[in-house]
Amino acid sequence: MIPVLRMELRALLRERRGWAVPTAFAAVLAFGVLMFVLPGLLVGEAALDGFLPGVVAIVQGGTLMVAAPIVGAATIAGERERGTWAALLASPASRLGLAAGKLAAAWLYVLLLVGISLPYAVLSLDTGGFDGGSLFGFLVEQALLGFALVATGLLVSTAFARTWTAAVAAVGLVGAVAVFTGLAAVVVGTFTSGNLGAELDAAGLSTAWLVRGILLFNPGYGFALLLSSDPVTGGPLAWWLHWLALLGVGAALSVLAAWRVARLRE
Amino acid sequence: MSAALEIAGLAHAFGGRPVLAGVDLAVPAGRVVGLVGPNGAGKTTLMRAAATLLDFHGGAVRVGGVDVKRDPAGARRRIGYLPERAGVRPDLLAWEVLDFFAEVAGLAGAERRRRVADALERAELADRAGVLAGRLSKGQRQRLAMEAALFHDPEVLLLDEPTDGLDPDSREALLRAVRARAEAGVAVLLSSHVLGEVEGVADETAILHGGRLAEAGDGRGRWRVVLRGELERALAVARAAPGVDRVEPEPGEVPALRLALAAGAPDAAEVVARLVEAGLAVVEVRPADGLRERYRAVVDGGRSA
């Protein structure tokens with residue numbers, strides 16, 4: 001795993017594209033802070049509340065949901081596109097090491113993206129709004145979401161020979177999961193006013209918990225938890241459950257991707 | 001002694017169309033076997049099967065006695081594979097490419113640094129070590145890829161059209177490196193479209209046509225020696241000459257010999273010198289029934305074995 005990880009990081013951090021994403025991300029965050037937050041601070045307005053972390057969270061979450069699957073999708077599809085995959089597969093490198101190294105490198109890169117927002121998160125503690133616990137919960141959630149999204153990209157990558165088709169497929173899959181779980185939660189939520197809702201309640205199944213259970217797998221659920229003022233829905237248990245869901249999805253997809261890589265011939 | 005690479009009854013089909021139809025081939029240690037054939041003959045498919053990159057339908061491939069289907073990881077430790085397109089990442093420096101494969105081969109510390117430096121020297125890239133592999137010439141990338149495939153000291157080297165698109169100098173440098181590896185004891189299977197280069201580097205050649213091994217034989221070619229007479233004495237002298245594998249009288253009215261030289265013999269000069277020393281009149285010496293002629297005969301459907 002280590003040789004592959006080192007090779008991937010060397011290549012990622014040398015490529016212009018590798019630096020372009022973090023740089024653009026940092027620039028967008030800085031722009032947001034300069035345009036919307038600093039003027040308010042300078043005139044002494046205390047009504048900024050959650051505006052700064054809100055801007056940061058939205059920009060970061062959006063970037064992550066697009067960048068992480070793309071980075072994962074580029075791993076194997078990129079090798080195939082360059083014509084370097086066959087030599088790698090025929091080398092004595094272990095297949096598990098190949099999959100794990102590529103996954104780890106892509107995840108570290110995504111963590112770098114998450115890390116870029118850290119100064120803003122610290123700054124936001126000073127401007128009011130979200131408490132430290134919520135920000136911590138969101139940052140951990142972003143790291144685990146990055147893991148799950150990178151694993152999605154890696155799995156998708158095993159089936160493609162072109163980086164961009166793999167990237168589009170991976171981002172599309174993530175978008176589809178977000179839409180599907182969101183719609184499913186809405187549909188299940190409407191049961192509360194119907195007969196089925198009453199039947200579920202009678203059976204001891206709360207539709208509110210079903211909705212929450214579906215949303216745990218939604219890549220945008222971190223925003224809802226961060227913005228929630230409800231101590232139950234936005235509390236530590238909700239964060240823990242969401243973290244576990246993301247970790248479980250990421251681990252399952254990683255195992256699946258490793259299994260695929262072990263069986264790949266080319 | 002069994003060959004380092006043994007292919008027995010290898011068969012594969014793509015979409016119901018047979019690409020390999022029962023190929024038998026053996027590459028002993030220290031020998032270069034040249035694999036030639038027209039496009040679509042199955043050369044790359046055969047290479048991929050030997051490199052554990054193809055789930056072939058029938059037959060068996062053994063590398064150093066290890067069955068590639070039963071133990072692909074074990075087989076991969078015994079093969080070095082250079083695919084048709086140079087398998088080096090363009091976004092890594094030349095030394096980083098080698099360093100990666102050296103680390104994968106289990107080398108570490110000073111030993112790894114030394115082996116990487118040696119490989120750069122052999123690839124004639126010592127002064128280009130810090131250049132991105134993508135900025136190297138195709139020949140340099142091919143040499144880099146070949147060195148990268150050798151860190152784990154493979155018993156078998158599979159080279160799929162390694163000189164394709166190279167300029168003459170790069171081609172010669174790569175073929176010299178191939179020959180050097182064979183002399184170091186590695187079994188080399190080399191596929192190419194360029195018959196002359198195969199004949200120049202290979203100890204044996206195999207002609208693949210229509211998924212079948214149409215002919216396997218001496219890649220050094222054969223020689224035809226026309227004499228003024230005394231055919232029987234000429235046969236005896238030629239048989240006693242060094243570097244001769246077989247000598248036969250050529251049927252026909254003109255007294256002539258057909259020589260098949262042993263591996264390593266460059267040409268028929270030594271035999272001709274012995275004939276002349278023995279007082280025999282040599283009228284003409286030329287390559288006869290070389291790879292080109294055999295290839296044409298096979299591909300044009302003249303004969304197949």
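Model, not experiment: these values are computed from the prediction.
- Heavy atoms of B:Leu158 lying under 4.5 Å from chain A are absent altogether.
- Within 6.0 Å of atom CZ in B:Arg70, 12 or fewer heavy atoms from other residues, nucleotides or ligands are found, so the atom counts as exposed in its surroundings.
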May I have the step-by-step check of side-chain contact (heavy atoms from CB on, under 4.5 Å) for B:Arg89 and A:Arg82, ending in yes or no? CA-CA 7 Å; B:Arg89 281 186 70 142; A:Arg82 288 188 293 263; 3.3 Å; yes
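- By the neighbour-count criterion of 12 heavy atoms within 6.0 Å, atom CZ of A:Phe180 is sparsely surrounded, having that number or fewer from other residues, nucleotides or ligands.
- Annotation for A:Pro3 and B:Val104: closest pair CB-CG2, 4.1 Å, computed over non-hydrogen atoms.
- Atom CZ of B:Arg76 and atom OG of A:Ser94 lie 9.5 Å apart (nearest 0.5 Å).
- Chain B forms more heavy-atom pairs under 4.5 Å with one residue of A:Ala93, A:Gly78, A:Ala11, A:Ala87 than with any other, namely A:Ala11.
- With hydrogens and angles disregarded, no donor-acceptor distance shorter than 3.5 Å links the side chain of A:Arg10 to the backbone of B:Leu92.
- Ranked by heavy-atom pairs under 4.5 Å with chain A, the first of B:Leu93, B:Asp99, B:Ile79 is B:Leu93.
- Considering all non-hydrogen atoms of both residues, A:Ala90 and B:Tyr81 come closest at CB-CD2, 3.6 Å.
- The part of B:Phe101 that comes within reach of chain A is its side chain, from C-beta onward, which places non-hydrogen atoms under 4.5 angstrom from that chain.
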Apply side-chain contact (heavy atoms from CB on, under 4.5 Å) to residues A:Arg265 and B:Asp55 and explain how you reach the verdict. CA-CA 7 Å; A:Arg265 294 290 182 170; B:Asp55 189 13; 3.8 Å; yes
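- A:Leu88 approaches B:Phe100 most closely through the heavy-atom pair CD1-CE2, 3.3 Å.
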Begin from the C-alpha positions of A:Arg6 and B:Glu103 and carry the test salt bridge (Lys or Arg N to Asp or Glu O under 4.0 Å) through to its verdict. CA-CA 10 Å; A:Arg6 191 180 293 124; B:Glu103 195 174 0; 2.5 Å; yes
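- A:Arg14 places a side-chain N or O within 3.5 Å of a backbone atom of B:Asp91 that can act as its donor or acceptor partner.
- Heavy-atom distances place the side chain of B:Arg48, and not its backbone, under 4.5 Å from chain A.
- Of all the listed residues (B:Leu54, B:Leu53, B:Leu132), the one sharing the greatest number of non-hydrogen pairs under 4.5 Å with chain A is B:Leu53.
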